2 protein chains.
Amino acid sequence: VLKYPNLKKLNTKSVNYANKGMTLENDIEISNIYYLNNNIACIHKKPTPVQIVKVEYPARNKAKITEAYYRVASTTDYNGVYKSRYIDFDAKECSSATSFSLNNVKEHQLKHLENVHLMGGIAFLIIKFNVYNEHYYVSYSFLKEYINNNKKKSISYNDIKANCHLIKYSLSPRLDYLSVIDQYLS
Amino acid sequence: VLKYPNLKKLNTKSVNYANKGMTLENDIEISNIYYLNNNIACIHKKPTPVQIVKVEYPARNKAKITEAYYRVASTTDYNGVYKSRYIDFDAKECSSATSFSLNNVKEHQLKHLENVHLMGGIAFLIIKFNVYNEHYYVSYSFLKEYINNNKKKSISYNDIKANCHLIKYSLSPRLDYLSVIDQYLS
């Protein structure tokens, strides 16, 4: 009887070890490469926006940036094309087991997703609950409705589980978020 | 009789002065803001990709990048959504009056435009002939066919003028490249 909880603990730990370093960004990158190599979709992460102030030229053809600052992005991190449609999303990791804090979604990101939605693009978030290693496709429509109808500063895990789509996590494609979109497109 | 050419020269000059500093990038930026503010399209320039090596924190909440390098972009500079469709393009200024050198289009940019085209996105170049202050919408299909059927390292101005679409240049929107796309979409 005593051994059961211990074994369970060990198993959980080993799963966690295996996933160490496998960030959400990494998983999306691997998925996007799979999509591109298989002519399924062309989706890229945007570079981090940087305000460049000073550039030096230690060698004739080598520019070295010696002073620069992070700028606030005016859009989300990912966009691209799938079946002619415009895809736009941001990826959020969530360490809480019970809720996703809406502080994680910045005002400009919401505004951008709203614009994309207005123009007929497919706008969403991928939210990963680290504790469960679960990834959810949270459409902008759901997000907007939730924010408009609730005074809360967070969405509970249960609400997301009940209303959003769990994204299949497998070997290849790692994180098949486009299969969720298929339900919308078809 | 002598005065005519002089007057003409003066007029040309004054037009050039008025446009000084009005780069192609600037014109596209102004157009994109117009499109966004009028709920026509949501199109943004991607940040310049930079490899960040060293970051210092002179103040607690202020990160200063002190060593970074330019990376080669894997995509084009502009993308976004118009009437649900994915739009992707790059902007090229051309100082020659007679031809556009294909050296201006990098291998990875062609590859990316090809990917976008394959996935059903709308891929093109905006080429500006500085001498004429003319902007052309050069579809990826045209570009691809030209490269496949010609051994030349450049496309003549006359070929572009005869086969591509002149983009209307006006006050607002400054550079109405989406009106060219309307001919494809409808």
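Proteins come first, then strands; the chains are lettered A, B, ... in the order of their sequence lines, and each starts at number 1. Predicted model, so just to flag it, every value in this text is computed and none were measured.
- Taking CG from Asn79(A) and NZ from Lys46(B), the interatomic distance works out to 5.5 Å, rounded to the nearest 0.5 Å.
- Linking Ile, Leu, Val, Met, Phe, Trp and Tyr residues whenever their side-chain heavy atoms come within less than 4.5 Å leaves Val53(B) and Tyr70(B) in two separate clusters.
- Residue contact with chain B, scored on non-hydrogen atoms closer than 4.5 Å, involves the backbone and the side chain of Ala63(A) alike.
- Residue contact with chain B, scored on non-hydrogen atoms closer than 4.5 Å, involves the backbone of Thr48(A) exclusively.
- Both the backbone and the side chain of Ala68(B) come within contact range of chain A, each with at least one heavy atom under 4.5 Å from a heavy atom of that chain.
- When side chains are defined from C-beta on, Arg85(A) does not count as touching Arg85(B), because their heavy atoms never get closer than 4.5 Å.
- Heavy-atom minimum distance, Pro47(B) versus Pro49(A): CB-CA, 3.7 Å.
- Looking only at side-chain heavy atoms (C-beta outward), Ile87(A) and Tyr86(B) stay at 4.5 Å or farther from each other.
- Contact of Ile52(B) with chain A is made through the side chain alone, with heavy-atom distances under 4.5 Å.
- In this structure, CD1 on Ile65(B) lies 11.5 Å from OG1 on Thr66(A), to the nearest 0.5 angstrom.
- Looking at Val55(A), only its side chain comes within 4.5 Å of chain B, counting heavy atoms on both sides.
- Between chain A and the options Asn39(B), Val116(B), Leu118(B), the largest number of non-hydrogen pairs under 4.5 Å is found for Asn39(B).
- We find the SG-NE2 distance between Cys42(B) and His117(A) to be 13.0 Å, quoted to the nearest 0.5 Å.
- When Gly120(B), Ser84(B), Ala73(B) are compared by the number of non-hydrogen pairs under 4.5 Å with chain A, Ser84(B) comes out ahead.
- When each of Gly80(B), Ser74(B), Gly121(B) is checked for heavy-atom pairs under 4.5 Å with chain A, Gly80(B) comes out on top.
- Linking ILVMFWY residues whenever their side-chain heavy atoms come closer than 4.5 Å, directly or via other members, leaves Val81(A) and Ile181(B) in distinct clusters.
- His135(A) pairs by the side-chain hydrogen bond (donor to acceptor under 3.5 Å, both in side chains) definition with nothing, not counting sequence neighbours.
- Under the 6.0 Å distance and 45° angle rule, Lys62(A) counts as a cation-pi partner of Tyr69(B).
- Two different hydrophobic clusters hold Ile33(A) and Ile28(A) under the rule that ILVMFWY side chains link at heavy-atom gaps under 4.5 Å.
- Of residues 136-165 of chain A, not one residue has a non-hydrogen atom less than 4.5 Å from any non-hydrogen atom of chain B.
- Going from atom CG of Asn115(B) over to atom CG of Asn37(A) covers 9.0 Å, rounded to the nearest 0.5 Å.
- Residues Tyr57(A) and Val50(B) share a hydrophobic cluster, clusters being chains of Ile/Leu/Val/Met/Phe/Trp/Tyr side chains in contact below 4.5 Å.
- The contact between Thr75(B) and chain A is made entirely by side chain atoms (from C-beta outward), counting heavy-atom distances below 4.5 Å.
- For NZ of Lys168(B), the number of neighbouring non-hydrogen atoms (other residues, nucleotides, ligands) closer than 6.0 Å is 12 at most.
- The shortest side-chain heavy-atom distance between Leu36(B) and Met119(A) falls under the 4.5 Å cut-off.
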